[in-house]
Amino acid sequence: MSKSAVKKIQAIRGMNDLLPSDSPRWQFFEAKVRQLMLRYGFNEIRTPIVEQTALFARSIGEVTDIVEKEMYTFDDRNSESLTLRPEGTASCVRAAMEHGLLYNQTQRLWYQGPMFRYERPQKGRYRQFHQIGIEAFGFDGPDIDAEVILLSARLWQELGLMEHVTLELNSLGSSEARAAYRDTLVAYFEQHLDVLDEDSKRRLTSNPLRILDSKNPAMAEMLDAAPQLMDHLDTESREHFEQLTAMLEAAGIAYVINPRLVRGLDYYCRTVFEWTTTALGSQGTVCAGGRYDGLVEQLGGKPTPAVGFAMGIERLILLLETLELIPEDALGGCDVYLLPMDDSATTAAISLAERLRSELPELRVQLHCGGGSFKSRIKKADKSHASMAILLGEDEITQQSATVKFLRDDREQQSVPQTALGRTLRELLTANA
RNA sequence: GUGGGUGUAGCUCAGUGGUAGAGCCCCGGAUUGUGACUCCGGUGGUCGUGGGUUCAAGUCCCAUCAUCCACCCCA
């Protein structure tokens with residue numbers, strides 16, 4: 001049997017390996033988010049990535065593209081239909097209800113993890129992708145909407161993204177108002193069937209609000225003249241929206257009202273928003289969310305107002321990379337590279353490395369392994385991005401010392417007693433930082 | 001699901017139907033205990049996969065897979 005008969009196994013289409021060269025960027029971003037959640041009083045919840053299929057069908061909407069053709073659905077061994085989660089909100093609501101987190105109390109939750117949708121991959125869109133989301137339950141006023149948006153705004157500020165993203169806002173109104181508007185809109189479109197393209201005709205029955213979002217220039221004029229959602233809001237939703245915009249203005253957050261902004265998932269009502277960028281090609285939405293006051297009840301719980309958002313980690317990392325906003329020092333590496341000068345010094349080098357790690361827990365020490373000539377060892381020290389190499393040879397061992405060599409500065413190397421090495425390194429590194 | 005582009009060394013890519021290439025990376029040496037700059041040498045390919053045309057295919061044709069971009073949809 002030749003090797004050619006063995007079929008090459010590779011990653012599933014649209015599902016990416018995150019390589020060691022990438023992971024520091026992710027860690028940089030995730031650390032910022034984690035810290036922010038703490039500061040705003042949101043608590044992390046972790047749910048399984050597999051749920052009963054019915055959960056998503058009931059929450060996202062039976063006739064949405066996600067449920068109709070994008071879910072990874074399969075039968076468990078007991079013939080129960082399971083689905084890899086395509087988004088995070090449904091699982092979050094299920095878990096919160098299941099454990100009584102919504103019983104006579106409010107909750108501010110966040111989550112993070114992989115989501116799965118069977119779509120054609122392209123820039124910023126993958127079959128396994130990652131989201132970070134927050135969900136606040138039990139608050140019906142615009143204050144929590146503002147809080148949720150302000151949290152996202154602060155994240156962009158801290159990452160240096162603020163000038164590169166735009167906040168788009170809209171209100172869908174109560175579910176009743178939304179239903180009434182839907183009828184008005186369908187009636188309008190039916191008068192202009194000759195202008196509607198194929199996709200839009202299909203959506204006329206499934207999701208007419210989405211037609212407003214179409215990029216087809218041939219329909220632009222007709223869409224501009226279409227009845228506006230804003231003119232069909234119920235009084236309560238209008239007041240809610242006005243208060244929200246006033247709060248955002250007071251907080252100094254710029255926004256644009258986009259009357260055509262309609263979220264794709266059925267459960268949204270009232271406030272909806274998106275943060276978009278023009279720097280990522282056609283996948284410009286970097287964070288999106290809104291209110292879903294009816295969802296908890298729809299899934300069998302007591303009526304509970306709720307608001308949240310989800311952001312796409314891949315898209316945000318892509319954006320940070322494009323704009324070169326990830327600081328060099330966040331990109332990993334080590335502080336010191338400790339190398340035995342030949343094989344006879346290996347054992348002594350191991351104990352010295354362990355000693356340093358005990359003395360300075362925050363110090364990143366890479367020990368040279370794998371032998372090689374002295375020259376190749378010191379080359380590897382250079383490649384490690386460490387600022388210093390610690391050399392240990394025959395002379396050092398007899399003197400119980402170590403040689404500290406500066407790899408990045410033009411500076412004489414120095415011999416340091418092993419007992420003083422930890423202290424010396426601490427001083428050198430803090431002086432550098 | 002639709003349309004277009006691209007698949008040649010680990011990476012970035014040349015390659016006119018006639019013996020498989022470069023740069024970078026990696027390894028060794030020039031220097032017995034000092035990296036980066038320089039010089040010398042070396043490892044590494046069923047040219048995405050499977051068919052077809054041809055005396056001869058990396059090159060032409062067909063299919064297929066992967067990838068990228070856009071539509072659709074969405075984070």
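Looking at residues two or more places apart in sequence or on another chain, you find no ring-ring contact (aromatic ring centres under 6.0 Å, His included) involving A:F241. When the salt bridge (Lys or Arg N to Asp or Glu O under 4.0 Å) test is applied to A:R94, the partners found at least two apart in sequence or on another chain are A:E51, A:E98.
Listed by residue number, the members of residues 287-294 of chain A with any heavy atom below 4.0 angstrom from RNA chain B are A:C287, A:A288. Of all the residues in residues 305-316 of chain A, A:A310, A:G312, A:R315 reach under 4.0 Å from RNA chain B with at least one non-hydrogen atom.
Classification of the A:H232-A:Y181 ring pair by plane angle, with boundaries at 30° and 60°, yields tilted.
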Show me the donor-acceptor pairs, under 3.5 Å and distance only, between side chains in residues 277-296 of chain A and residues at least two apart or in other chains.
unit_1: A:T277; atom_1: OG1; unit_2: A:H164; atom_2: O; d: 3.1
unit_1: A:T277; atom_1: OG1; unit_2: A:A279; atom_2: N; d: 3.1
unit_1: A:S282; atom_1: OG; unit_2: A:Q122; atom_2: NE2; d: 3.0
unit_1: A:Q283; atom_1: OE1; unit_2: A:R315; atom_2: NH2; d: 2.9
unit_1: A:T285; atom_1: OG1; unit_2: A:E274; atom_2: OE1; d: 3.1
unit_1: A:R291; atom_1: NE; unit_2: A:D145; atom_2: OD1; d: 3.1
unit_1: A:R291; atom_1: NE; unit_2: A:D145; atom_2: OD2; d: 3.3
unit_1: A:R291; atom_1: NE; unit_2: A:H240; atom_2: NE2; d: 3.4
unit_1: A:R291; atom_1: NH1; unit_2: A:F139; atom_2: O; d: 3.2
unit_1: A:R291; atom_1: NH1; unit_2: A:D293; atom_2: OD1; d: 2.8
unit_1: A:R291; atom_1: NH2; unit_2: A:F139; atom_2: O; d: 3.1
unit_1: A:R291; atom_1: NH2; unit_2: A:G141; atom_2: O; d: 3.0
unit_1: A:R291; atom_1: NH2; unit_2: A:D145; atom_2: OD1; d: 2.8
unit_1: A:Y292; atom_1: OH; unit_2: A:E135; atom_2: OE1; d: 2.4
unit_1: A:D293; atom_1: OD1; unit_2: A:A306; atom_2: N; d: 3.1

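A close approach under 4.0 Å does not occur between any side-chain nitrogen or oxygen of A:K69 and OP1 or OP2 of B:C72. Contact check, A:Q283 against B:C74: no side-chain N or O comes under 4.0 Å of OP1 or OP2. Phosphate proximity of B:C69 to A:R120: absent, as no side-chain N or O sits under 4.0 Å from OP1 or OP2.
If you check every strand for non-hydrogen atoms under 4.0 Å, A:G133 touches nothing. Residue contacts for A:T64: at a heavy-atom cut-off of 4.0 Å it reaches no nucleic acid atom on any strand shown.
Salt bridge absent: A:K123 and A:E314 never bring a charged side-chain N and a carboxylate O closer than 4.0 Å.
When both pairing distances are held under 3.5 Å, B:U67 makes a Watson-Crick or G-U pair with B:G5. Base pairing of B:A75: no nucleotide in any strand meets the Watson-Crick or G-U wobble criterion (both distances under 3.5 Å).
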With the sugar-phosphate defined as primed atoms, P, OP1 and OP2, and the base as all remaining atoms, what B/S/- string results for nucleotides 32-44 of chain B, 5' to 3', for protein heavy atoms under 4.0 Å?
-BBBB--------

